Student: 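Could you have a look at this structure, given as structure tokens, before my questions?
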Amino acid sequence: MTTTTTTPTVAVWKFASCDGCQLNLLNAEDELLDVAKAVTIAYFPEATRAMQDGPYDVSIVEGSITTPEEIERIKHVREISGKLITIGACATHGGIQALRNYADVEEYTSYVYASPEFIDTLETSTPISEHVHVDFELRGCPVDKYQLVEVISAFAQGRRPRIPTYSVCVECKRAGNICVPVAQGTPCLGPVTQAGCGAICPSFNRGCYACFGPQDSQNCHGMADRLMALGMTTEEMTRAYRTFNATCEPFQAESLRHERARKAGAEEVEA
Amino acid sequence: MRTMGLAGLDELVEALGRAGYEVFGPRVRDGAMVLAPISGVADLPRGVGDTQDAAHYRLRDRGDERLFGYATAVQGLKQVLFPSHELLWRARKTPIGFDVEEADATPPKPRAFLGARDCDLRALAVHDTVLASREYADKPYQQRRDGVFVVAVTCADPGGTCFCVSQGGSPKPQAGFDLSLTELLDDDGHRFLVEVGSERGAQILAEVSTAEAVAADTDAADALVATATASMGRTLDTEGLHDVMFASADSPHWDTVASRCLACTNCTLVCPTCFCTSVEDTTDLAMTTTERHRVWDSCFGARFSYIHGGVVRESGSSRYRQWITHKLAGYQDQFGLSGCVGCGRCITWCPAAIDITAEAAALRASLPATEEDLQTVGETR
Ligand code: SF4
Ligand code: SF4
Ligand code: SF4
């Protein structure tokens with residue numbers, strides 16, 4: 001960090017999303033004042049009407065790309081930003097709206113809108129990184145507020161963010177939880193999922209839903225074998241890997257493998 | 001040898017409390033047996049057993065009054081003496097530099113552990129060797145370890161994943177305790193045979209109502225130990241195991257395990273001898289305070305073997321090989337003991353049902369048959 005008195009300017013942008021990740025920044029009440037001292041919040045419509053024009057040192061982007069207009073807008077954001085950080089499952093992996101990638105969008109729009117002809121939308125929901133260069137991706141649905149504050153401070157301080165990429169099981173065991181698949185037979189995606197949430201679901205005796213996407217050494221195929229041993233069907237397996245991070249490669253490959261098996265009516269999933 | 005009844009056990013917990021100890025014992029939480037603070041016999045499980053198999057754990061009703069009728073608790077003493085997370089030091093910025101404040105891990109009260117098993121004590125001995133007996137002792141571990149009082153218990157009903165007997169252990173605690181109990185439950189009543197293991201143990205026991213043990217009690221205890229010894233859920237063939245492991249370095253079997261292994265780290269985090277950690281530094285937003293924390297880490301993680309230029313053990317097969325080879329062979333060369341005490345936790349709590357005894361057997365089976373061949377493989381490797 002330089003010794004000048006000005007702090008880095010930060011802009012927060014929204015694309016196709018539910019605003020939950022931005023809200024988690026506002027929810028970080030204890031840290032927010034310190035954040036405001038460490039950086040200058042220059043553009044954050046969700047929080048304040050005071051807006052400074054760009055360029056910005058750091059842009060934080062929530063949401064995925066689902067319309068032609070958004071493609072142009074993200075290119076503009078990239079041009080006026082020093083660093084670009086994406087936050088949340090929508091921005092990093094297309095989000096829950098990426099389920100459209102596996103469906104017929106025209107058919108969907110005809111169900112939802114009275115006048116679908118006014119809807120100008122893309123066939124797919126895609127992560128920001130498919131359109132512009134991204135400097136850091138923070139996972140989660142929503143992101144964890146402590147991780148978000150950590151990423152902002154890291155960029156403000158000019159260091160690498162301390163965001164682990166190992167499995168949820170690491171956090172789960174450190175927290176002293178009793179493993180739910182082993183002690184209750186409850187399916188849990190924790191072994192293939194990246195840590196970050198603090199193992200919230202297993203802490204409440206539920207299985208992990210993989211909100212944070214794949215861990216760095218995922219074995220989604222081996223995981224599926226175990227979940228099916230716990231009684232999950234090919235249809236349930238397809239859905240388990242197709243939630244908030246349906247476009248990420250390892251989850252997608254597994255969900256497609258199980259979908260093929262289900263469509264073929266096969267008893268066994270291909271190896 | 002002395003005996004005492006249930007009231008005596010309560011007096012023992014009270015005596016430990018009077019002597020200033022915080023007493024930990026078995027308790028049921030979320031459908032599992034965990035180690036937690038207790039204040040008397042009323043807190044202990046009664047008639048609770050467990051069923052353990054690979055990736056399977058359930059508590060069950062024993063239909064009797066046993067207090068120590070389960071096999072191993074979810075975690076050993078590691079969770080208390082070598083916790084999953086601790087602050088090592090904190091530094092604060094000053095006008096001319098910074099001040100470092102070292103954390104003190106000495107517990108406010110020394111700890112007493114009621115219900116520790118032989119495998120727990122042998123795991124503790126491994127930690128003592130690795131963490132506290134080498135040139136640079138681990139200070140926080142030492143601070144927590146000093147003054148620990150152990151009331152061990154004989155395993156009456158070993159679990160489905162136990163194999164301590166193969167690893168030189170026994171259902172009956174051998175060493176490392178201050179007092180050791182064998183719970184007897186028969187027509188002569190519910191009572192505990194008490195063995196004294198240290199001067200401190202004798203002093204505490206002197207405050208408890210006990211009676212001289214009769215031959216029938218010691219005979220009953222011997223019979224219980226013999227039955228337990230014969231009912232290990234699993235076995236591990238340790239004959240030449242050290243060489244088998246190293247000769248298996250290039251075995252195709254590693255890929256078979258890796259196809260099942262989820263690299264989730266559970267096996268290492270429940271293992272009472274695993275001691276690998278990582279340090280994490282944090283800085284506050286104002287950049288005036290920085291902290292160094294130590295957390296449990298695992299050789300199954302990718303970043304664990306990250307050095308300048310990349311990850312050394314990229315594949316799942318190389319990580320499983322590292323873990324089991326270190327446990328069953330490397331420790332011997334490094335520390336003169338096995339890294340596995342046969343508690344079975346890694347088998348029970350592996351969500352992929354990977355079994356260290358089965359994998360070691362499979363590796364052995366995939367090697368050339370004769371010892372001569374084995375040596376040749378080892379040398380040419
Ligand atoms: S409950 Fe789930 S996240 Fe926790 S250790 Fe078990 S498998 Fe991993
Ligand atoms: S390797 Fe497995 S059986 Fe051996 S001490 Fe560790 S957890 Fe227990
Ligand atoms: S052996 Fe089992 S517990 Fe250990 S990392 Fe692999 S899947 Fe996880």
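In the text below, chain A, chain B and the rest are named by the order of the sequence lines, each starting its count at 1. All values derive from a computational prediction rather than experimental measurement.
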Student: Among B:Q52, B:H56, B:R303, single out the residue with the greatest number of heavy-atom pairs under 4.5 Å to chain A.
Tutor: B:R303
Student: Counting only N and O atoms by type, is there a donor-acceptor contact under 3.5 Å from the side chain of A:Q252 to the main-chain atoms of A:A246?
Tutor: no
Student: Fit a plane to each ring of A:F251 and A:Y241, take the angle between them on a 0 to 90° scale, and name the class: parallel (under 30°), tilted (30 to 60°) or perpendicular (over 60°).
Tutor: tilted
Student: Among B:P83, B:A32, B:A352, who wins on heavy-atom pairs under 4.5 Å with chain A?
Tutor: B:A352
Student: Tell me, side chain or backbone of B:R319 under 4.5 Å from chain A's heavy atoms, or both, or neither?
Tutor: side chain
Student: So if I take each residue of residues 137-152 of chain A and look for any heavy atom under 4.5 Å from a heavy atom in chain B, which residues do I end up with?
Tutor: A:V149
Student: Of the backbone (N, CA, C, O) and the side chain (C-beta and beyond), which part of A:S153 lies under 4.5 Å from a heavy atom of chain B, both, or neither?
Tutor: both
Student: Please answer whether the main-chain N or O of A:K83 pairs with a side-chain N or O of A:S81 as donor and acceptor at a distance below 3.5 Å.
Tutor: no
Student: Checking A:V192 against chain B: side chain, backbone, both or neither under 4.5 Å from a heavy atom?
Tutor: neither
Student: Is it the case that the side chain of B:R294 and the backbone of B:S278 share a donor-acceptor pair, with hydrogens and angles ignored and the cut-off at 3.5 Å?
Tutor: no
Student: Please look at B:S259 and chain A and tell me whether the side chain, the backbone, both or neither of the residue comes under 4.5 angstrom of a heavy atom of that chain.
Tutor: backbone
Student: Taking B:D50, B:L269, B:L59 one by one, which has the highest count of heavy-atom pairs under 4.5 Å against chain A?
Tutor: B:L269
Student: Does any heavy atom of chain A fall under 4.5 Å from the side chain of B:V34, the backbone, both, or neither of them?
Tutor: side chain
Student: Once you measure the plane-to-plane angle for B:H127 and B:F275, does it fall in the parallel (<30°), tilted (30-60°) or perpendicular (>60°) bin?
Tutor: perpendicular
Student: Could you look at A:V168 and say if it's the side chain, the backbone, both or neither that has a heavy atom under 4.5 Å from chain B?
Tutor: neither
Student: Starting at OG1 of B:T256, measure out to CG of B:L363 and round the result to the nearest 0.5 Å.
Tutor: 9.5 Å
Student: Please determine whether the number of non-hydrogen atoms from other residues, nucleotides or ligands lying under 6.0 Å from atom CZ of A:R239 exceeds 12.
Tutor: no
Student: Under 3.5 Å, side chain of B:S305 to main-chain N/O of B:R313, donor-acceptor pair present?
Tutor: yes
Student: Between B:D53 and chain A, which part of the residue has a heavy atom less than 4.5 Å away: side chain, backbone, both or neither?
Tutor: neither
Student: For B:Y70, is the NZ or CZ atom of B:R46 found under 6.0 angstrom from the centre of its six-membered ring and inside 45 degrees of the ring axis?
Tutor: no
Student: Apply side-chain contact (heavy atoms from CB on, under 4.5 Å) to B:F304 and B:T265, showing your working.
Tutor: CA-CA 11 Å; B:F304 181 81; B:T265 79; over 6 Å; no
Student: Which atoms of B:D281 are under 4.5 Å from chain A, going by heavy atoms: the side chain, the backbone, both sets, or neither?
Tutor: backbone
Student: Please work out whether the ring planes of B:W254 and B:Y320 are parallel, tilted or perpendicular, with thresholds of 30° and 60°.
Tutor: tilted
Student: Over 60° means perpendicular and under 30° means parallel, so tell me whether B:H293 and B:H85 are parallel, tilted or perpendicular.
Tutor: parallel
Student: If only atom types and distance count, is the side chain of A:E236 paired as donor or acceptor with the main-chain N or O of A:T233 below 3.5 Å?
Tutor: yes
Student: Under 3.5 Å, is there a donor on one side chain and an acceptor on the other for A:S255 and A:R242?
Tutor: yes
Student: Which bit of A:R162 comes within less than 4.5 Å of chain B, counting heavy atoms only: side chain, backbone, both or neither?
Tutor: side chain
Student: Is a side-chain N or O of A:T247 found less than 3.5 angstrom from the main chain of A:H93, in a donor-acceptor match?
Tutor: yes
Student: Which residues in residues 202-223 of chain A have any heavy atom closer than 4.5 Å to a heavy atom of chain B?
Tutor: A:N205, A:Q215, A:D216, A:S217, A:N219, A:G222, A:M223
